[in-house]
Every structure is written in C-alpha cells, then in structure tokens.
Amino acid sequence: MSAELIPYITEARPDTGLTNGKIGIWCFLASEVMLFGAFFASYIVLRTSAVEWPHGSAILNVPLATVNTVVLISSSVTMVMAWASLMRNDISKYRLFLGLTVFFGFCFLGIKTVEYSAKFEHGLLPSTNNFMAIYFIMTGLHGLHVIGGMIVNAYFLFAAPSYWEHDRELLANRVENSGLFWHFVDLVWIFLFPILYLL
Amino acid sequence: MSGSAAHDPAEIDKHVRTYVMVFAALLVLTGVTVAVSYLHLEVHQAIAVALVIATFKASLVALFFMHLISERQVILWILALTGAFAAVLLLLPAITNHDHIISANMPAGMTSAAHAPESAAHH
Amino acid sequence: MEARHESPAHKHAADHGHGHAHHEPGFLEKYIFSTDHKTIGIQYAVTSLFFLMFGFTLMMMMRWQLAFPGVPMPILGGLLGEARMPGGVMTPDFYNELGAMHGTIMVFLGVVPLGVGGFGNYVLPLQIGAKDMAFPRLNMMSYQFFFVGGVMMMATFFLPGGAAQSGWTSYPPLADIAPGQTGWIVSMIFIITSSLLGAINFIVTTIQLRTKGMSFWRFPFFVWAQFVTSFLLLLALPPLEVGAFLQLMDRVAGSSFFLPSGLVVSGQILPVAGGGNPLLWQHLFWFLAHPEVYVLILPAMGIVAEVLTNNTRKPLWGYTAMVYSIIFLGFMSFIVWAHHMFMTGMGSGIAAFFQTTTMIISVPSVVILAALFLSLWGGSIRFTTPMLFALAFLPMFGIGGLTGLPLGLTSSDIQLHDTYYVIGHFHYVVAPGTVMAFFAGIYYWFPKATGRKMSETLGKAHFWLTFICMNGVFMPMFWVGLAGVSRRLYDGGASYAHAQHVLWLNGVSSWSAWIMGAAQLLFIFNFFWSIRGGEKVGRNPWNATTLEWEAPSPPPHGNFVTDPVVYRGPYDYSPRGYSSDFRPQAQEA
C-alpha cells in the first residue's frame with residue numbers, strides 16, 4: 001500500500017544517481033560475497049590444516065564441470081542480452097534471451113544432478129571426508145542460488161506482458177537487478193570450478 | 001533511468017558488442033584454466049595461476065556484464081568495503097591457524113607442527 | 001499508469017490515481033500484515049520486549065541455583081518436571097540449557113530486534129523525513145522471519161533432548177553432538193535472514209529517502225548509528241550463517257567440518273571421517289559475534305545522544321568527531337574478533353595483531369563517551385525519566401568499556417578468560433548499558449508513538465530500582481571472576497577451594513536480579529496503562545529539534561502532513577539571540 005508513496009523506484013535520485021532497487025540488490029550481493037567468502041575461507045582453513053587432501057581432478061568430473069562452466073557463462077551473456085533487448089524495446093528478443101537463460105539454468109542443474117548421482121552411487125557422501133563435504137555444501141548452496149535465480153527469471157519471463165503494458169521502466173529495472181544476481185551466481189562458479197575441480 | 005545504459009540504440013549496440021567480446025574472452029580463459037590444470041604444476045603455482053585467471057574472468061563479468069565499470073560511487077564504496085572485509089575473512093583465519101603455540105610436550109601427531117616443521121623456526 | 005514515477009509533490013494525485021486512498025485496511029492488514037514501518041517497529045519492539053523478559057526469567061532461575069546450589073527452587077521447581085528438575089533442583093544439563101538460551105534469546109531475540117528492528121524501524125524514517133522504508137513489504141517480511149525464528153527457538157525447549165545447551169557460542173565439538181543444537185541452527189538461519197533483509201532496507205532508505213535539505217552531515221546521531229549498524233549486520237552475519245550450515249551438516253549429514261580425528265566421546269572414538277577443525281567454527285562465529293556486540297551498543301549510543309542533547313538544551317559536543325568515530329568503530333569491529341580466541345593456542349605474532357586492533361578500537365568508543373559526557377557541561381539539565389536512564393548509561397558503559405581492556409590484553413586475559421570477570425564486563429555494556437539506553441528511548445519516544453506520556457513517578461521508581469540492582473547483579477562478578485571462578489559453572493564455584501571466600505557474592509547478584517525482575521513490573525504496568533491513561537501530549541512534548549517531532553503524535557500512514565524541508569543541523573538548541581531555546585531542523589527561520 002505504501003509502495004506508491006516511495007520515490008526513486010524507477011527514476012534515479014538526482015544526487016546519488018541510483019534507484020532504490022539498484023542499491024538494494026548490490027547490498028544483497030555484498031552480503032552474498034561475505035557468504036561465499038566465508039565458504040572459501042572455510043575451505044582454506046580446512047585444506048591447510050588437513051593431513052591429507054585429495055586432488056579434485058582425481059575424484060570429480062572435470063569435463064562435465066567444464067561444460068557447466070561454459071553453460072553458466074553463456075547464460076550470463078543471454079541474461080545481459082535480455083536486458084539489452086528490453087532497452088531496445090524488443091520484447092520478443094527479450095523473451096528469447098531470457099528463455100535461453102532459464103534453459104541454460106536447467107542444463108546446469110541437470111549436469112549437476114548427473115554429477116551428484118554418480119558420487120552417491122560410488123558412495124561418496126559428505127560423511128566420506130571433508131573434501132567431499134565442502135564440495136557438496138559449496139556446490140549445493142550454489143545450486144540453490146541457481147534455482148532461486150531461475151525462479152525469479154521465470155517470473156519475469158511469464159509476467160512480462162503485463163509489465164510491458166503498464167510499466168516498462170519498472171520491468172527493465174527489475175530485470176537488470178535480477179541479472180545482477182544471475183551474474184553473481186556465475187561469478188561464484190568461476191571461482192568454485194578451478195578451486196574444487198582443478199586444484 | 002537506472003544504471004549506466006541509455007535508451008539510445010547506438011549506445012546499446014556498443015554495449016552488445018562489448019558483451020560478445022567478453023563472452024569470447026571468457027570462453028578462451030575457461031579453456032586456458034583447464035589446459036593449465038593438465039600441466040600438473042606444483043601446488044602453490046597451480047593455485048596462483050588458477051586464482052589469477054579466475055580473478056580476471058570474474059572482473060570481466062563484474063565490470064561489463066554487471067556494469068561496474070560505469071557504476072556510481074555509492075555502489076563502488078559499498079563493494080570496496082565488502083572486498084576489504086572479505087579479504088580479511090579469507091586470510092586471517094588461515095594465518096591464525098598457522099601461527100600457533102608449539103609445545104615440546106605435545107604428542108607429535110597432534111600439532112600441525114608435525115606437518116609444517118618450518119613454523120618451529122619462528123618461535 | 002504513471003503513479004509509480006510520482007515524486008512526493010504529486011502524492012495526492014498518485015493516491016487518487018490508484019484509488020488506494022479510499023481503501024480502509026482491515027484489522028489483519030493494519031496490525032498483522034502491515035507494511036507501515038511504524039507498525040512493524042512496534043511489532044518488533046513488543047515482541048522483543050517479551051523475549052527480553054523471558055530471557056531474564058531464565059537467568060533468574062539460574063541465579064537460584066548459583067545462590068543456593070542444590071536447594072529445591074520454590075514454585076517453579078515443582079512445575080518443570082522430573083527430567084529437568086528432579087526434586088525441584090535443576091540438573092546440570094538444564095542449567096546449561098538455561099544458560100545457552102538466555103544468551104541466545106537476549107542477544108538475537110531481544111536486544112538486536114529491539115534496538116534495530118524496534119527503534120530503528122520506528123524512528124529512522126521519521127528522523128530523515130521519509131514516508132516509510134524503501135522496501136515496505138521487505139520490511140514486513142523481515143519481521144515475519146524474526147517472529148518465526150523466535151517461535152522456533154522457543155519451541156526447541158520442547159525437543160526430546162531439550163533446547164540448545166552448548167552456550168550461545170555453540171562451540172564444537174560439543175555443539176556438533178549435543179542436543180537441541182539443530183533446532184538452534186535452523187532458528188538462527190531465520191533470525192539471520194530477518195536481520196539481513198532489515199539491514200538492506202535501512203541502508204537504502206538512509207541513502208535514498210532523505211528529505212530535501214537532509215544531507216548526511218545533518219543526520220541526527222541516531223541515524224548515523226543505525227546506518228553503521230546496518231553495515232555491520234549486512235557484512236558480518238553471512239559468515240555465521242555459513243558456520244551454521246557447516247555445523248548443521250556435521251549434525252545431520254555426518255560431515256566433520258569441526259570434528260577432529262580421533263575424538264573420543266563417552267569412551268568411544270566418534271565414527272566420523274575427522275580431519276576437521278573446531279577452531280574454524282570459532283573464527284566464523286566470532287567474525288560475526290564481535291561486530292554483533294557493536295550492533296548491540298551502537299543503537300544505544302544513538303538513543304543516548306538524542307535524549308542527552310534534548311534534555312541539556314545544548315547541541316551535542318563533538319558531533320563531527322562522534323560521526324567519524326562511529327564510522328571508524330564500525331570498520332575496526334571487523335578486525336578484532338580473535339581477541340575472543342586468545343586462549344586457543346594462538347601464537348604470539350597473530351595474538352599481537354589482534355591485541356593491537358583491540359586496543360585501537362577502544363579509542364573511538366572513548367571519543368564517543370567523552371563527547372557525550374562533555375555535552376553535559378554547561379547544559380540546562382532536565383531530569384526527566386529518559387534523561388535519568390541516558391545519564392546512567394554513561395558511567396555504566398564506561399565501566400563496561402574499561403573492564404574490557406584487561407581482556408583485550410593477552411597477558412591479563414590468561415587469568416581472566418572464561419571467568420565471571422568476562423560476564424561482568426560484557427553485561428555492564430549490554431545490561432546497565434544498552435538495555436538502560438533502550439528504556440531511555442522507550443520513555444522518550446512513547447509520546448510520539450501513542451500521543452501520551454508515560455508516568456514520571458513510576459518511571460523514576462523503575463529507574464532507581466533498575467539502576468541500583470543492575471550494579472548489584474554485575475559488580476560482584478568482577479571479584480568473583482578475579483578469584484578464579486569460571487563461567488558456566490553449574491554450582492557457581494561452590495566446589496572450588498579458591499572460590500570459597502567469594503561465594504557470598506553469588507547471593508548478592510541473585511537477590512539483586514530478583515528485585516530487578518520485580519521492578520520491571522512497574523515498567524510493564526506503566527507501559528500498558530499509559531497507552532490509554534497517560535497524559536495526552538501534542539506533536540513535540542519534549543521541545544525537540546529533530547524531524548520525528550514535526551509529525552503528529554502518533555504519525556499517520558505516510559508520516560508527515562507536508563514533506564519536511566531541512567534547513568540546519570540536528571541539534572540547534574539554545575541558539576543565540578533566538579526567541580526560544582530550540583530551533584527545529586525543519587523550521588525555516
């Protein structure tokens with residue numbers, strides 16, 4: 001109800017040059033940097049204080065993860081292209097690119113499912129050793145973020161016609177902010193992949 | 001309008017060209033990351049190389065896909081602060097863990113000194 | 001519809017455009033699912049006051065055991081069942097439950113939600129001249145997460161093994177295997193989420209929704225305090241959340257993040273992979289928990305600054321220094337945490353680092369306290385109830401801060417770590433410190449929220465009893481700690497020969513606590529009775545300068561009749577040659 005009273009939802013505040021949502025999403029991403037930073041810090045502590053630590057490539061599937069890396073990077077491109085299409089007032093391109101982004105998300109999750117089931121089949125669980133434990137929790141939480149991002153993107157895919165009619169600026173803003181979250185998810189994987197799989 | 005982009009189609013086209021170039025760069029760097037892993041470098045070197053490449057890739061995503069290169073002061077300050085604290089979080093626990101009191105009476109298997117004999121020289 | 005783009009100047013057009021101005025909210029929408037920051041602030045405040053009372057009750061129970069070890073507790077002793085209180089005497093496990101939950105509830109369900117969720121939500125938008133928070137629905141959600149987390153935390157008392165009993169600090173290996181911890185972790189995740197959402201809201205609101213003329217250097221100190229606090233919450237909470245996930249994995253998925261190899265439990269080696277590091281938890285926990293203690297004190301400092309300057313009829317002395325200090329304090333709070341870990345086998349190199357940063361962080365605290373003290377000089381002091389609490393805060397926080405110094409120095413910490421001295425130190429800062437500042441804030445802003453003043457007579461009685469008893473509870477603890485009595489001991493040191501001569505002090509603490517508990521009834525009665533029966537007041541009963549006093553008491557939805565414009569700094573009291581002893585921020589001439 002008080003949403004109508006709040007300024008700077010779509011137009012930037014003159015002295016800061018920003019909308020509320022833009023600062024809001026970056027604050028959220030800042031907290032996520034600390035979240036994943038804490039995971040990486042835990043990894044560092046566990047690995048440096050461990051008696052033995054396996055090579056990721058010996059246990060994990062590097063080719064599959066490489067494909068996943070390409071998938072996520074591609075989804076980042078399609079995400080930003082979706083936003084660019086909105087800025088060009090091209091709603092069909094927007095839906096194509098956003099749809100591709102969601103599709104790539106499904107691919108990522110599909111490959112992760114294959115990976116996880118293979119691990120479980122070989123009896124590799126979080127309880128097996130700390131390497132597996134940190135692998136599961138970090139990729140698991142990252143996967144949850146992928147799912148979250150996909151849900152939000154899917155919403156903007158299906159709700160687009162209504163926004164298109166009433167408030168295109170708001171849609172562009174929200175898609176940009178959603179895109180920032182999606183890029184962050186990609187960013188985390190860019191670090192996760194070499195650290196877990198290659199080192 | 002929020003963010004850095006304008007409604008001007010020419011501006012958007014320039015951005016799109018940048019996105020495509022960054023995409024290509026990211027694919028190449030991903031390939032390099034995997035290729036380097038096959039060189040079986042010594043652990044510390046491998047970590048350094050992997051992190052340098054990953055940081056570079058992450059910077060491309062942050063600067064161009066996330067538009068940080070043209071973002072406002074408020075955001076940049078928040079991120080700088082976050083980066084500083086993240087660095088502290090990443091480094092200090094491991095450093096603290098490594099700098100420990102070594103007791104001659106502790107059983108050999110229980111101290112990390114058994115696995116990091118060079119630290120004995122510091123105390 | 002263009003309404004979403006409307007600047008405040010077109011407010012009435014927007015209202016009519018959406019037709020919402022004609023829609024009267026029902027009971028649920030107005031009181032339960034409200035997105036109005038004032039309603040949410042009151043929800044937070046009332047809920048957290050309940051939790052504070054509950055957490056205090058837990059401690060009053062503990063204090064029976066400490067004053068009279070092994071003696072059956074009257075009344076409650078027979079009510080809690082044979083499992084926890086056989087023959088009316090609490091078991092050591094139950095004592096641990098009470099201790100862990102007392103700490104958890106007071107910090108996470110009491111002080112932070114009241115200081116940030118309650119006071120912050122209610123006062124901040126008003127003080128910057130905003131109509132509401134930047135994200136009203138997110139605000140509502142953050143209260144709901146807090147509420148659900150709080151209910152879940154209370155529900156853990158009914159778990160088979162009882163509630164968490166490994167200290168509020170939840171150290172592994174114990175916390176990895178002890179009962180109640182899984183429930184604690186899940187509740188904490190909800191509570192952490194609540195604070196994170198709130199922090200985002202506060203930061204964006206402060207930056208974006210300031211009214212015309214309200215620059216950062218014209219903020220009331222309370223706003224600065226909340227702003228810095230929000231950054232502490234935003235950036236320090238996630239590592240604890242990570243620790244909580246890791247501990248949860250250890251407990252339910254059989255991982256060994258915090259379990260070393262070869263750990264023996266009840267005579268058996270634990271059948272886990274091992275290779276974990278218990279200290280990792282301590283790093284993750286204290287990385288949050290140290291900034292957390294500044295989250296506990298900063299809003300209180302903000303409140304005291306407001307009440308002090310208003311009741312001395314003088315501007316705050318050293319406002320600029322205070323602002324720089326609070327920013328520096330917030331920054332430093334991220335790099336001192338391992339002073340909680342000096343006794344973990346830390347080497348002298350890294351210990352020296354944390355000792356140094358800890359000593360440095362005391363400087364901005366001293367600057368702020370000194371500025372508050374100096375603000376009294378030459379003031380025309382009105383000894384209202386809020387002012388009494390605010391004045392008392394100063395020496396109490398001083399004692400708390402000073403007693404922290406020997407703890408921050410590694411050499412003296414060897415003797416004092418994990419003793420009652422520590423309990424005395426941190427309680428002085430939080431209980432006679434923060435909680436009394438909160439009382440000041442409640443008496444001060446109650447008229448704004450309700451349009452009525454609380455009774456001064458009851459308030460003064462409440463103040464004196466509370467103030468005296470606070471000292472009665474916590475001052476003896478320094479002596480008890482120096483004598484070598486460890487904290488978290490079930491019998492308060494009764495079985496130690498070196499503690500016999502200080503045991504009587506346990507009785508002093510306990511009786512003071514029980515009297516203080518009874519004294520709070522005065523406050524509770526005053527609070528609820530004054531809502532209907534208190535002296536009616538207008539929009540500015542304290543003759544204050546800050547923007548919240550421009551709005552009606554209580555403010556309507558949207559807060560201000562017309563958007564205020566700010567013409568000067570926040571504390572223009574007793575301006576030279578002016579007709580009145582205060583000139584409000586929003587007054588043009």
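What's counted below: heavy atoms across the whole structure, side chains too, no hydrogens, waters or symmetry copies. Within every chain, numbering begins at 1; the chains are lettered A, B, ... in the order of the sequence lines, protein sequences first and strands thereafter. This structure is a prediction, so every number in the text was calculated from the model and none was measured.
For A/Phe120, the CZ atom counts as densely surrounded, since its 6.0 Å shell holds more than 12 non-hydrogen atoms of other residues, nucleotides or ligands. The environment of C/Phe331 atom CZ is sparse: at most 12 non-hydrogen atoms of other residues, nucleotides or ligands sit within 6.0 angstrom. By the 6.0 Å contact criterion, OH on A/Tyr116 is enclosed, its count of non-hydrogen atoms from other residues, nucleotides or ligands being greater than 12. Within 6.0 Å of OH on C/Tyr31 lie no more than 12 heavy atoms contributed by other residues, nucleotides or ligands. Other residues, nucleotides and ligands contribute at most 12 non-hydrogen atoms within 6.0 Å of the CZ atom of A/Phe103. Heavy atoms from other residues, nucleotides or ligands lying under 6.0 Å from CZ of A/Phe181 number more than 12. By the neighbour-count criterion of 12 heavy atoms within 6.0 Å, atom NZ of A/Lys112 is densely surrounded, having more than that number from other residues, nucleotides or ligands.
The line from CD1 of A/Ile134 to OG of C/Ser255 is 9.0 Å long, rounded to the nearest 0.5 Å. Atoms CZ and CD1, from C/Phe135 and A/Ile9 in turn, are 8.5 Å apart once rounded to the nearest 0.5 Å. Interatomic distance, A/Tyr43 OH to C/Leu280 CG, rounded to the nearest 0.5 Å: 14.0 Å. Here the straight-line distance linking atom CG of C/Leu288 with atom CE of A/Met34 works out to 10.5 Å at 0.5 Å rounding.
Residues C/Phe257 and A/Ile137 form a side-chain contact, since some pair of their non-hydrogen atoms from C-beta on lies under 4.5 Å apart.
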Next item on the list: Test A/Ser42 against C/Leu246 for side chain to side chain contact (heavy atoms under 4.5 Å, CB included), laying out the working first.
Entry: CA-CA 9 Å; A/Ser42 304; C/Leu246 296 181; 3.7 Å; yes
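In this structure, the side chain of A/Asn130 engages the main chain of C/Gly275 through a donor-acceptor pair within 3.5 Å. Proximity of a side-chain donor or acceptor of C/Gln208 to a complementary backbone N or O of A/Leu18 within less than 3.5 Å is detected.
With a 4.5 angstrom heavy-atom cutoff, C/Phe287 touches chain A only via side-chain atoms. For chain C, the nearby part of A/Thr128 is the backbone; its heavy atoms alone come within less than 4.5 Å.
Annotation for C/Leu284 and A/Ala38: closest pair CD2-CB, 4.0 Å, computed over non-hydrogen atoms.
Scanning residues 234-243 of chain C against chain A with a 4.5 Å heavy-atom cutoff picks out C/Leu234, C/Leu235, C/Pro238, C/Pro239, C/Glu241, C/Val242, ordered by number.
The one candidate from C/Leu196, C/Ile200, C/Ile207 that meets the side-chain contact (heavy atoms from CB on, under 4.5 Å) condition with A/Cys27 is C/Ile200.
Contacts with chain C were tallied for A/Leu46, A/Asn129, A/Leu141; A/Leu46 has the most, counting heavy-atom pairs under 4.5 Å.
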